[in-house]
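All remarks here apply to the structure that follows.
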Amino acid sequence: MEIKKERRLKNIPTKSSEKYRNFPMVPRVVFGKGSFDQLGDILMPKRKHSEAPVVYLVDDVFEGAELAQRIPTIFCDQLIFVSADEEPSTFQVDALVTMIKDNFQELPSGIVGIGGGTLLDLSKAVAILLTNEGSAAAYQGWDMVHKKAIYHVGIPTISGTGAEVSRTTVLLGPDKKLGINSDFTTFDQVILDPELTKGVSKEQWFYTGMDCFIHCIESLEGTFLNAFSQSYGEKALELCKEVFLSDIPEGESRDKLMMASWHGGMSIAYSQVGVAHALSYGLGFLLGVKHGIGNCLVFQHLQEFYPDGVRLFNKMIEKHEITLPTGICQHLTDCEFDKMVAIALGMEPLWENALGQNWRAVITPEKLTSIYKKI
Ligand code: NAD
Ligand code: ZN
């Protein structure tokens with residue numbers, strides 16, 4: 001794929017003095033089947049003392065499951081099971097931070113998030129808010145966090161979002177759905193154990209996996225593309241094709257999707273997502289539609305913007321016999337459509353990446369409403 005010449009060096013610097021982004025990467029990562037069992041050893045040198053616990057935020061799908069028995073709790077460590085049924089919110093982060101501060105006199109030694117994007121994002125945000133005053137809502141945006149978060153570890157149990165590698169945590173706030181994008185958001189340690197993804201349902205595997213596929217398409221087709229994002233995006237796309245379009249053994253497929261997620265996340269770190277994500281944010285904010293399925297619902301109608309991507313997507317849907325829900329927007333009022341359109345249009349960097357600086361000439365509220373009406 002050729003990088004679009006006029007914009008090849010474009011990316012959004014995080015500080016006004018920067019010409020190019022200087023962004024953090026996860027400094028330590030373990031990969032491999034069964035690597036979860038190294039968690040206790042990894043945490044030991046990070047423990048400040050016996051009164052400073054490790055707090056584990058764990059998807060409640062694992063409550064009573066074998067994985068929960070393997071979590072290495074010692075001293076006064078706390079295990080908190082959290083539902084991933086809804087998108088994580090600033091309200092939820094504030095409540096968890098208050099609970100942890102009330103329960104312990106000391107700040108925890110670390111936060112460990114175990115689950116999908118929902119739990120990973122919650123854990124990143126809780127780690128930040130334990131050292132930064134006030135509500136999580138005050139930090140939604142770019143580089144509003146000024147104090148280092150406490151040590152935090154991410155352990156994905158489903159693959160696709162790239163949340164394990166990104167410098168953002170996407171939260172539903174009182175008036176917007178937006179990430180806390182900061183240098184302190186990125187995990188200090190990630191454990192990639194593909195065996196942990198074993199219990200995921202076929203539909204959820206597909207929706208979250210498609211989040212990764214869509215990251216690749218939006219990054220590779222975007223005007224912000226550069227050699228850095230391209231190298232990760234192409235690898236992730238190749239892995240997605242192997243996982244979703246060929247017949248490789250299940251174990252291999254789990255390993256490859258986990259690495260696709262990682263590379264997809266790295267690709268958008270230095271470029272941006274695009275049309276599907278902008279529209280999906282509108283669905284998520286108004287209707288609480290979850291990220292993965294929301295992206296799929298939108299992407300199927302984006303032939304105009306991503307013809308090759310939509311063709312591949314349709315092949316994948318067919319191969320895995322996925323039936324996307326319909327009629328999601330059929331009872332919405334004009335006012336509600338306007339709200340979704342306003343949220344989507346507010347994602348300016350995404351539109352600029354997708355269509356270039358003159359995106360407003362192509363994207364009108366009427367056009368976006370007509371896409372939402374098909375969903
Ligand atoms: P999720 O965390 O919402 O989980 C989806 C479902 O899968 C839940 O019901 C969960 O309980 C279940 N699940 C997870 N692991 C399982 C397992 N091993 N066995 C059985 N069930 C399992 O899913 P997701 O798609 O990974 O995350 C979506 C979230 O990620 C959204 O909130 C989105 O905003 C966020 N996100 C963040 C970033 C980022 O860079 N921070 C990027 C993309 C998406
Ligand atoms: Zn995404």
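This is a predicted model, so every value here is computed, not measured. Both counts, for ligands and for their atoms, begin at 1 and track the order of listing.
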Sub-3.5 Å donor-acceptor pair from the side chain of [X] to the main-chain atoms of [Y], do we have one?
{"X": "Ser182", "Y": "Asp143", "result": "no"}
{"X": "His320", "Y": "Glu203", "result": "no"}
{"X": "Lys124", "Y": "Ile180", "result": "no"}
{"X": "Glu218", "Y": "Ala276", "result": "yes"}
{"X": "Asp60", "Y": "Phe81", "result": "no"}
{"X": "Asn353", "Y": "Val273", "result": "yes"}
{"X": "Asp77", "Y": "Ile74", "result": "yes"}
{"X": "Asp193", "Y": "Gly34", "result": "yes"}

Is the contact between [X] and ligand 1 made by the side chain, the backbone, both, or neither, using heavy atoms and a 4.0 Å cut-off?
{"X": "Phe62", "value": "side chain"}
{"X": "Thr161", "value": "both"}
{"X": "Asp211", "value": "side chain"}
{"X": "Ser166", "value": "side chain"}
{"X": "Asp121", "value": "side chain"}
{"X": "Val61", "value": "side chain"}
{"X": "Lys198", "value": "neither"}

Contacting atoms of ligand 1, where contact means under 4.0 angstrom from a heavy atom of [X]:
{"X": "Ala163", "result": "37 (C), 38 (C), 39 (C), 40 (O), 41 (N)"}
{"X": "Val200", "result": "16 (C), 17 (C), 18 (N), 19 (N), 20 (C)"}
{"X": "Glu87", "result": "31 (C), 32 (O), 34 (O)"}
{"X": "Gly116", "result": "2 (O), 26 (O)"}
{"X": "Thr168", "result": "39 (C), 40 (O), 41 (N)"}
{"X": "Lys290", "result": "1 (P), 3 (O)"}
{"X": "Val170", "result": "34 (O), 37 (C)"}

Original post:
Could you walk me through whether Ser280 and Asn295 pass the side-chain hydrogen bond (donor to acceptor under 3.5 Å, both in side chains) check?
Top reply: CA-CA 5 Å; Ser280 175; Asn295 284 351; 2.9 Å; yes
Original post:
So Lys373 and Glu366, salt bridge (Lys or Arg N to Asp or Glu O under 4.0 Å) or not? Walk me through it.
Top reply: CA-CA 10 Å; Lys373 285 193 169 165; Glu366 294 71 35; over 6 Å; no
Nearest 0.5 Å, please: how far is [atom2] in [Y] from [atom1] in [X]?
{"X": "Gln272", "Y": "Ser267", "atom1": "CD", "atom2": "OG", "answer": "11.0 Å"}
{"X": "Leu43", "Y": "Gln189", "atom1": "CG", "atom2": "CD", "answer": "8.5 Å"}
{"X": "Ile375", "Y": "His301", "atom1": "CD1", "atom2": "NE2", "answer": "5.5 Å"}

Original post:
Considering only heavy atoms, which of Ile293, Thr208, Thr157 lies nearest to atom 15 (N) of ligand 1?
Top reply: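 Looking at heavy atoms only, Thr157 sits closest to atom 15 (N) of ligand 1.
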For [atom], closest protein heavy-atom neighbour:
{"atom": "atom 1 (P) of ligand 1", "result": "Thr118 OG1, 3.4 Å"}
{"atom": "atom 26 (O) of ligand 1", "result": "Gly117 N, 2.7 Å"}
{"atom": "atom 11 (O) of ligand 1", "result": "Asp59 OD2, 2.8 Å"}
{"atom": "atom 7 (O) of ligand 1", "result": "Gln204 CG, 3.4 Å"}
{"atom": "atom 8 (C) of ligand 1", "result": "Ala84 CB, 3.9 Å"}
{"atom": "atom 33 (C) of ligand 1", "result": "His291 CB, 3.5 Å"}
{"atom": "atom 9 (O) of ligand 1", "result": "Asp85 OD1, 4.4 Å"}

**OP:** Using distance alone, with no hydrogens and no angle criterion, decide if Ser271 and Ser219 have a side-chain donor and acceptor under 3.5 Å apart.
**Re:** yes
Original post:
Would you say Gly115 touches ligand 1, if touching means a heavy atom closer than 4.0 Å?
Top reply: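 No, Gly115 has no heavy atoms under 4.0 Å from ligand 1.
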Original post:
Mind checking whether His215 has an N or O less than 3.5 Å away from an N or O of ligand 1?
Top reply: no
Original post:
If you measure every N/O of Ile158 against every N/O of ligand 1, is any gap under 3.5 Å?
Top reply: no
**OP:** Considering only NZ, NE, NH1 and NH2 on the basic side and carboxylate oxygens on the acidic side, decide whether Lys198 and Glu66 come within less than 4.0 Å.
**Re:**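 Judged by the 4.0 Å cut-off on N to carboxylate O distance, Lys198 and Glu66 do not form a salt bridge.
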**OP:** Test Phe313 against every option in Phe244, Phe299, Tyr306 by the ring pair (Phe, Tyr, Trp, His ring centres under 6.0 Å) rule and name the one that passes.
**Re:**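 When Phe244, Phe299, Tyr306 are each tested with Phe313, the ring pair (Phe, Tyr, Trp, His ring centres under 6.0 Å) holds only for Phe299.
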Original post:
With Tyr270, which of Phe228, Tyr20, Phe224, Tyr232 fulfils ring pair (Phe, Tyr, Trp, His ring centres under 6.0 Å)?
Top reply: Phe228
**OP:** Could you please spell out the steps behind the side-chain hydrogen bond (donor to acceptor under 3.5 Å, both in side chains) verdict for Ser229 and Asn226?
**Re:** CA-CA 6 Å; Ser229 331; Asn226 53 56; 3.1 Å; yes
Original post:
Protein N, O or S atoms less than 2.8 Å from the Zn ion (ligand 2), ignoring waters?
Top reply: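 You should have found Asp211 OD1, His215 NE2, His277 NE2, His291 NE2.
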